[in-house]
A.B. asks: 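I'd like to ask some things about the structure below.
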Amino acid sequence: MTCVLYPGSFDPIHNGHVEMVETAASLFDHVVVGTLMNPSKGGGLFSLEERMSLLDECFEHLPNVRTTMFDGLVVTLAQEERADFIIKGLRAVSDFESELQMAQTNLAISGVHTLFLPTASRRSFLASGLIREVARLGGNVEDMVPEPVYRRLKEKLPS
Ligand code: PNS
């Protein structure tokens, strides 16, 4: 039984994240999606509880996916969850340098390896920060996020 951990801010979860989790759920026995507040990314829109509730709604069709929230090190959560690997999505070469550095650091401090999965090219431009910005300024993000997220964005940011 292979369990993988997919960590992220998910503020909010978008269709690229959903694709990653669906792919992981088809490749591995168990997927844990862990969300946290990333202090290096200012301007959070959704609380951790709201993000969790949206993650739960988005993955209720996948019985081998579980969601959780955490603070502290991602490798601590990986060990607590007995995850065999951390998984990360790569959208473009620009993601690679920082993700490689994080993967190497996480390996050095814990022995937990990171596996990278490529994002489909039609979703490679998606980024939560840009989605928040477009939605805040009244742009249409309907095709970029799952329906429950779109609904919550409209409630939070009425145009
Ligand atoms: O969705 P994000 O904000 O790009 O996800 C970043 C995340 C959560 C993967 C990263 O910030 C992280 O791992 N944070 C937990 C703290 C930690 O373990 N730091 C050391 C990383 S080498």
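Just so we're clear, the structure is a prediction, and the values are computed from it rather than from any experiment. Indexing begins at 1, ligand by ligand and atom by atom, following the structure's order.
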A.B. asks: With a 4.0 Å cut-off on N to O distance, would you call Glu133 and Arg136 a salt bridge?
C.D. replies: no
A.B. asks: Quick one: does Ser9's side chain have a donor or acceptor within less than 3.5 Å of a partner on Asp11's backbone?
C.D. replies: no
A.B. asks: For the side chain of Ser128 and the backbone of Phe10, is there at least one donor-acceptor N/O pair under 3.5 Å apart?
C.D. replies: no
A.B. asks: Excluding sequence neighbours, so at least two apart, what forms side-chain contact (heavy atoms from CB on, under 4.5 Å) with Leu126?
C.D. replies: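 Leu126 satisfies side-chain contact (heavy atoms from CB on, under 4.5 Å) with His14, Asn15, Arg123, Ile131, Met144 once adjacent residues are dropped.
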A.B. asks: Heavy-atom cut-off of under 4.0 Å around ligand 1: list whichever protein residues fall inside it, by chain and number.
C.D. replies: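 Residues near ligand 1: Gly8, Ser9, Leu36, Asn38, Lys41, Gly72, Leu73, Val74, Lys88, Met102, Thr105, Asn106.
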A.B. asks: Answer yes or no: is there an ion pair linking Glu57 with Arg151, defined by an N-O contact shorter than 4.0 Å?
C.D. replies: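 Looking at Arg151 together with Glu57, the answer is yes, because their closest N to O distance falls below 4.0 Å.
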A.B. asks: Just one of Thr68, Val21, Leu62 clears the side-chain contact (heavy atoms from CB on, under 4.5 Å) bar with Val33, so which one?
C.D. replies: Val21
